[in-house]
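Below is one structure, written out as structure tokens; the observations come after it.
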Amino acid sequence: MKAAVMYGPNDIRIEEVPKPVCPDGGFLLKVSAVGLCGSDIRNLTTDSRNGDYPHIYGHEIVGVVDEVSPACKEYKKGERLYIYPVDHCMQCESCRTGHSEMCENGGDYINRQGGFADYVPVTKTQVRRDSIYRIPDGVKMERASLGEPLSSVYACQENVGVGFGDTIVIIGAGPIGCFHSKLAKLRGAKTVIMIEINDKRLEMTKQFGVDYIINSTKEDPIKAVLAITKGKGADKVISANPSTQAQQQAIFMAKKNGIVVFFGGVPKGALTQIDTNHVHYNGLWIYGHYGANSMQVQKSFELAISDEFEADKFITHRLPLSKIKEGIERTKKGEAIKVILFPNED
């Protein structure tokens, strides 16, 4: 089969590799579409595996069951499936207390063969757990692939109670920031303010319900937010980018007793200096967000394939797997919101 194989930072080669063997108790999935995620780009362009190469990444996977192990009774050949990359054990303390996003025994998708390939094996453990969803007839496969990146956005806004009448600030207009703006409006937010350094990305966010755009290289984003909110600040501020500066600024954009979410992870070892007096005397709540629990994964998948979410608006580029490098460059330059790659297509 063909695959995009990583041999080191920025060394991605489209080549023939052995087709995976169908796992005992599992099945082999023929990949129809796979999203190109920001974390994929980070992994593909850095020494993400500390020299442990070659490796095939890709975790926003949808496809058609191609071969089924005789021991697997849950699925059959020809079924269209979305595979969530982290399977939760549902037995550890985190899972049993409703926080399966912190599962102590979750499947390690980083070290499995990923979906930047014609085929991907799905194991007996994945089948037994909670990570596989059937795609209804009539739903385009690429729309279902958005269920994975949407899941953490969905979980974040549910956890902090984004709702009717809220003023929301989102810092970072990448794919995740765009998801946040659309979902905030669907949940009833009155005003969505987007902060970003790329004018092209800012303009693109308007189609997702953004009411105000701020280029933080051209004006002070804190002053701009306070001006829009008449000095009050926003109900919730979501820092959806890998910047410590954005996290520092976010707390000054929130209203008294407001909520600040550190959604985007910053580089390892980077430390954010926070004015804790401002946090203390203004009664701010600061949340770190990561992942989604099992029910949130299911709900986000259902939303991604619904007409209400309008998934096609987010998918700006559809490319064959052979053009993965083009997809990476378009995303890094801010030309794309969401790139979907299609293995098994020339």
Taking the side chain as every heavy atom from C-beta outward, state whether [X] and [Y] have any atom pair closer than 4.5 Å.
X	Y	value
Cys178	Met204	no
Gln126	Ile83	yes
Val21	Pro121	no
Tyr287	Asn159	no
Val225	Ile195	yes
Ile328	Asp40	no
Lys182	Glu310	yes
Glu142	Val62	no

Mark yes or no for whether [X], through its side chain, and [Y], through its backbone, hold a donor-acceptor pair below 3.5 Å.
X	Y	answer
Arg96	Gln91	yes
Glu196	Ala173	yes
Ser145	Gly35	no
His289	Ser152	yes
Ser69	Gly25	yes
Asn293	Met295	yes
Arg13	Val5	no
Glu101	Tyr290	no
Lys325	Ile12	yes
Arg143	Ser306	yes

Considering all heavy atoms of both residues, which atom of [X] and which atom of [Y] are nearest to each other, and what is their separation?
X	Y	result
Val162	Arg187	O-NE, 2.8 Å
Ser300	Val297	OG-O, 2.9 Å
Arg112	Gly107	NH2-CA, 3.3 Å

If we ignore angles and hydrogens, is there a donor and acceptor under 3.5 Å between the side chains of [X] and [Y]?
X	Y	value
Arg49	Asn43	no
Ser294	Ser100	yes
Tyr53	Asp47	yes

Next on the checklist: If the test is salt bridge (charged side-chain N to carboxylate O under 4.0 Å, His left out), which one of Lys185, Lys206, Lys190 qualifies with Asp211?
Outcome noted: Lys185
Item to check | Flag if over 12 foreign heavy atoms under 6.0 Å of OH, Tyr212 | outcome: no
Checklist entry - With the 4.5 Å side-chain cut-off for hydrophobic clustering, are Ile305 and Phe208 part of the same group? => result no
Next on the checklist: Please say yes or no: joined through hydrophobic side-chain contacts below 4.5 Å, possibly via intermediate residues, are Val64 and Ile340 part of one cluster?
Outcome noted: no
Checklist entry - Should the ring pair Phe309 and Phe314 be called parallel, tilted or perpendicular, given that the plane angle runs from 0 to 90° and is split at 30 and 60? => result parallel
Checklist entry - Phe252 vs His278 aromatic rings, parallel, tilted or perpendicular, using cut-offs 30° and 60°? => result tilted
Pairwise distance [atom1]([X]) to [atom2]([Y]) - rounded to 0.5 angstrom:
X	Y	atom1	atom2	value
Ser32	Leu341	OG	CG	13.0 Å
Arg201	Asn215	CZ	CG	12.5 Å
Phe116	His55	CZ	NE2	10.0 Å
His99	His88	NE2	NE2	12.5 Å
Asn344	Leu321	CG	CG	9.0 Å
His280	Ile274	NE2	CD1	16.0 Å

Is it true that [X] and [Y] have a side-chain N and a carboxylate O under 4.0 angstrom from each other?
X	Y	answer
Glu16	Lys2	yes
Glu345	Arg318	no
Glu326	Arg330	yes
Asp235	Lys255	yes

Next on the checklist: Exactly one of Val169, Ile214, Thr167 should register a side chain to side chain contact (heavy atoms under 4.5 Å, CB included) with Ile228. Which one does?
Outcome noted: Ile214
Checklist outcome for this item: Test ring pair (Phe, Tyr, Trp, His ring centres under 6.0 Å), reference Phe301, set Tyr82, Tyr154, Tyr84, output is Tyr82
Next on the checklist: Using a 6.0 Å distance limit plus a 45 degree cone around the ring axis, check whether Lys19 lies over the aromatic ring of Tyr119.
Outcome noted: yes
